[in-house]
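Worksheet: one structure, shown below.
All of these numbers come straight from a predicted model, not from anything done at the bench.
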Amino acid sequence: MTEKMLARVAVSSVPYAADRLYTYLVPDELIGSAEVGKRVTIPFGRGNRRVEGFLLEVGREAATSPLKPIDAVLDDAPLLDAKDIRLVRWMKARYFCTYYDAIKTILPGGVWLQYRELWHVNGEISAEDALSSVAPDSLEETLLRAMLSAKEIERAALDELGGEKTAKALRSLEACGLAVRETKLRQRLQDKSVRMVSLCVSAEDALAAVEPKRRSAPVRYAVVELLSREGCLSSSEISYYTGATMQTLRGLKKAGLVEFSEREVLRVSRYDDAPAREDIVLNGEQQAAFDGLCTLLGREGGSAALLHGVTASGKTQVYIRLIEEALTRGKTAMLLVPEIAMLRAYADGCRAWLRSMDSVPQSIEDYGKLTDASAPVYWAFTAQFGSDVAMLHSALPLTERYDQWKRIRRGEVRVVLGTRSAVFAPLQNLGLIILDEEQETSYQSENPPRYHARDVAQFRCAQNDALLLLGSATPTIETAYAAKNSRYQVFSLHKRFNDLPLPKVLIADMKDELRQGNETSIGHALRAELEKNIERGEQSILFLNRRGSARMLLCGECGYVPQCPRCSVPMTYHSANERLMCHYCGHSEAVVDRCSECGGLMKRVGSGTQKVEQELFDLFPKAKVLRMDADTVGASRGHEALLREFEEKKIPILLGTQMVAKGLDFENVTLVGVLDADLSLYAQNYHAAERTYSLL
């Protein structure tokens, strides 16, 4: 049996139940270009619908049955390498997703293609013959007339004419040879380029050619003189310095003096005014942790460690020194944070080694391509590690994310900063991945495939003999268990940086306040401290882990909350049917008026940031309150705008949800209040107790 070149293809638009690698024949004319990691178009299904696929395996073997051939190869170079393909297979097996879901998660949005299905009447048939071949006043006639009027029409426009019956009518017209379907592909994001102009003869010959007409054509002479001095310039630069138009440049090209070329321009943010790098000085605990972590860098098979340090213990400085060490060894590094808002905390943390961070340059504040939260930290890391730093997060424009990905893939980047999705950055020679605040739930994707950045990072570190460092003051149960069983090595920082004292913590029992008639979320002790702060002109932050309003049943005497007997999670009170319901298993029971534990009166309680905001207005009518939650933070008024307003206008009270619990650093804030601290224990999640501890 003759061996043929066969390919295993991951097909797009395939449901999970039918997802597998489909075998196709590689035609002789495509054997040289059909490489693993490239996209192809293939006929798929009974109707041979043209779809996109990824080549994951290519090789010679005997075909046991007739195979469909690949139509075309879409990429000049592979988009996936061998390590990427192993990651795709692992994600499919672990997260129960399709091959294509995994591939789409790994690759940036800018590489994907847009498909246009176009229809036109067969050019070999006249319009009269085509119309006479179908029944009058039929859908087929309507579609043919639409094709004739537009010469070429998109499928979407035809669907508007015939609705659900359009597909069947088009198949009939195509089978009869009356209509022809074409699929055109276009990359969603085009590479940006500029037209460059350079001399195609020697500078002496070019100047000699334009010298006779120097007075009658001074612009032509100025262009040649500029190019003789500077070499190659863009057409826009030449126009700026000489006033030359494209007509002038084309005339010089026609005369054989200049030539045009295209040069790619990357749409990425660069800062040229970053200050000089400063050396980091570690204290004793930090130095011991750093020395221990250095021994784990480059271990065969990879390694993992937990940097367990109290808040403000200087974990960031250890991260920076460790990244420097990885770069010194010729490796690349990645630093991930759970949310974009936390990049501000990093910008504040950079002050320990970059004192000038207190006054961010105006060029960064006004730079439109980066969010306000990410610009300062990007600027600071550029100062520390040079220009080969890239940032990846969802708030960047799609064009910048795509161009940053291209820089990383080409090997122009050694350090990547970003959020969850940056874990897929195609860094070569990877030596270190750091997950800061590893306990945060933001590292878990909410969309298929529902990957966890920690798991993906661990897989990549094992592939690259790299070190995975998890940093946290309150590690997750999984991480703590792995550390206890010596799967992770643990390095601890017990002291705060510069021996700063821990804040004084007061606990107020709101059950006592309720018995005394205080039904608000603001206790007497917190109210007194807020009054003192307002009088002194100092600021306060209040944290409540619930926006809007919340409703549940609570015993005012003993604090009992009814739980689901099957799931052991608090049940939600539904006022529409006066029942308690479990949102996990659907268990339902009638509302009771008395507590089953102590006989106390069960109350329908509810408090969210909106309700507390009104309570603060009633208590302090002259003090301004700034609320920060999902209802007040939008596209036009993001995290940084609200935080800047709070800092610059010295607003007395900032009230918010978890957004205000992300390592903020304000010099004038001297009081932090946590309202209804135990309510998050009754959140409908199995990790409620763990996450409450982490937040507090």
Next item on the list: Check ring pair (Phe, Tyr, Trp, His ring centres under 6.0 Å) between Phe543 and all other residues, then give those that pass, not counting sequence neighbours.
Entry: none

Item checked: Side chains of Gln317 and Lys315 in contact at under 4.5 Å (non-hydrogen atoms) -> no

Next item on the list: Identify whether the distance between the nearest side-chain nitrogen and carboxylate oxygen of Arg454 and Glu440 falls below 4.0 Å.
Entry: no

Next item on the list: May I ask you to test the Leu336-Asp436 pair for a side-chain heavy-atom distance under 4.5 Å?
Entry: no

Item checked: Closest approach of Thr609 to Leu655 (non-hydrogen atoms, all atoms of both residues) -> O-CD2, 3.4 Å

Notebook entry, point to check: Salt bridge check: are Lys104 and Asp101 linked by an N-O gap of less than 4.0 Å?
Noted result: no

Item checked: Nearest-0.5 Å distance, CG of residue Leu432 to CG of residue Leu335 -> 8.5 Å

Next item on the list: Could you list the residues that satisfy salt bridge (charged side-chain N to carboxylate O under 4.0 Å, His left out) with Asp618, not counting sequence neighbours?
Entry: none

Item checked: Main-chain N/O of Arg487 paired with Asn485 side-chain donor or acceptor, under 3.5 Å -> no

Note to self: Are more than 12 heavy atoms, taken from residues, nucleotides or ligands other than Phe96, located less than 6.0 Å from that residue's CZ atom?
What the structure shows: no

Check: Would you say the side-chain atoms of Arg579 and Ser588 include a donor-acceptor pair closer than 3.5 Å?
Finding: yes

Notebook entry, point to check: Hey, are Gln439 and Thr476 close enough side-chain-wise for a donor-acceptor pair under 3.5 Å?
Noted result: no

Notebook entry, point to check: At what distance, to the nearest 0.5 angstrom, does CG of Leu469 lie from OH of Tyr488?
Noted result: 11.0 Å

Note to self: Tell me whether Glu648 contacts the main-chain N or O of Glu645 through its side chain, where contact means a donor paired with an acceptor under 3.5 Å.
What the structure shows: no

Notebook entry, point to check: Taking the side chain as C-beta and beyond, is there a heavy-atom pair between Asn545 and Leu695 under 4.5 Å?
Noted result: yes

Next item on the list: Would you check if the side chain of His308 reaches a backbone N or O of Val490 as a donor-acceptor pair within less than 3.5 Å?
Entry: no

Next item on the list: Count the heavy atoms belonging to other residues, nucleotides or ligands that lie under 6.0 Å from CD of Glu446, then report whether that count exceeds 12.
Entry: no

Notebook entry, point to check: About how many Å separate CZ of Arg450 and SG of Cys97, when rounded to the nearest 0.5 Å?
Noted result: 10.5 Å

Notebook entry, point to check: Can you tell me how far the CG atom of Leu306 sits from the OG1 atom of Thr479, to the nearest 0.5 Å?
Noted result: 6.5 Å

Next item on the list: Could you please spell out the steps behind the side-chain contact (heavy atoms from CB on, under 4.5 Å) verdict for His524 and Asn518?
Entry: CA-CA 9 Å; His524 291 112; Asn518 180 13; 4.3 Å; yes

Notebook entry, point to check: Any side-chain heavy-atom pair from Met602 and Cys595 closer than 4.5 angstrom?
Noted result: yes

Next item on the list: Please answer whether the main-chain N or O of Val310 pairs with a side-chain N or O of Arg496 as donor and acceptor at a distance below 3.5 Å.
Entry: no

Item checked: Shortest non-hydrogen contact from Thr332 toward Leu430 -> OG1-CA, 3.3 Å

Note to self: Minimum heavy-atom separation for Ala422 and Val416, please, with both atom names.
What the structure shows: CB-CG1, 4.3 Å

Checklist line | Crowding at CG, Leu601 (>12 non-hydrogen neighbours, <6.0 Å) | finding: yes

Next item on the list: Return the minimal non-hydrogen interatomic distance between Glu513 and Ala525, and the atom names on each side.
Entry: OE2-N, 4.4 Å

Margin query: Working note: Ile653 + Leu616, criterion side-chain contact (heavy atoms from CB on, under 4.5 Å); need CA distance, chi angles, decisive distance, verdict.
Written below: CA-CA 9 Å; Ile653 301 173; Leu616 290 170; 4.1 Å; yes

Notebook entry, point to check: For the side-chain contact (heavy atoms from CB on, under 4.5 Å) test, which of Val669, Leu643, Val672 pairs with Leu654?
Noted result: Leu643

Notebook entry, point to check: Any donor-acceptor pair under 3.5 Å linking the side chain of Arg515 with the backbone of Glu557?
Noted result: yes

Check: Ile106 and Leu87: side-chain contact (heavy atoms from CB on, under 4.5 Å), yes or no, with the steps?
Finding: CA-CA 9 Å; Ile106 291 175; Leu87 179 58; 3.8 Å; yes

Notebook entry, point to check: Tell me the salt bridge (charged side-chain N to carboxylate O under 4.0 Å, His left out) pairs involving residues 518-528, sequence neighbours left out?
Noted result: Arg527-Glu531

Item checked: Presence of salt bridge, Lys532 and Glu535, under 4.0 angstrom -> no

Next item on the list: Classify the side-chain pair Thr657/Asp629 by whether it contains a donor and acceptor separated by less than 3.5 Å.
Entry: no

Notebook entry, point to check: After noting the C-alpha distance and the side-chain angles of Gln489 and Phe491, does the key distance pass the side-chain contact (heavy atoms from CB on, under 4.5 Å) rule?
Noted result: CA-CA 7 Å; Gln489 291 201 34; Phe491 301 90; 4.0 Å; yes

Checklist line | Heavy-atom pair of closest approach, residues Thr474 and Ser694 | finding: OG1-OG, 2.9 Å

Next item on the list: Would you indicate whether the side-chain heavy atoms of Met571 and Cys564 approach each other to under 4.5 Å?
Entry: yes

Notebook entry, point to check: Got a donor-acceptor contact below 3.5 angstrom from the Glu690 side chain to the Ile477 backbone?
Noted result: yes

Item checked: Geometric class of the Tyr451/Phe424 ring pair [parallel <30°, tilted 30-60°, perpendicular >60°] -> perpendicular

Next item on the list: Would you mind reporting whether Glu538 and Leu671 have side-chain heavy atoms less than 4.5 Å apart?
Entry: no

Check: Would you say the side chain of Ile323 lies within less than 4.5 Å of the side chain of Ile434, judging by non-hydrogen atoms?
Finding: yes

Next item on the list: Can you measure from CG (Asp403) to OG1 (Thr399) and round to the nearest 0.5 angstrom?
Entry: 6.5 Å

Notebook entry, point to check: Any side-chain donor paired with an acceptor under 3.5 Å for Asn533 and Gln539?
Noted result: no

Margin query: Less than 4.5 Å apart, side chain to side chain, heavy atoms only: is that true for Val337 and His393?
Written below: no

Checklist line | Where His687 and Glu478 come nearest, the two heavy atoms and their spacing | finding: CE1-OE2, 4.1 Å

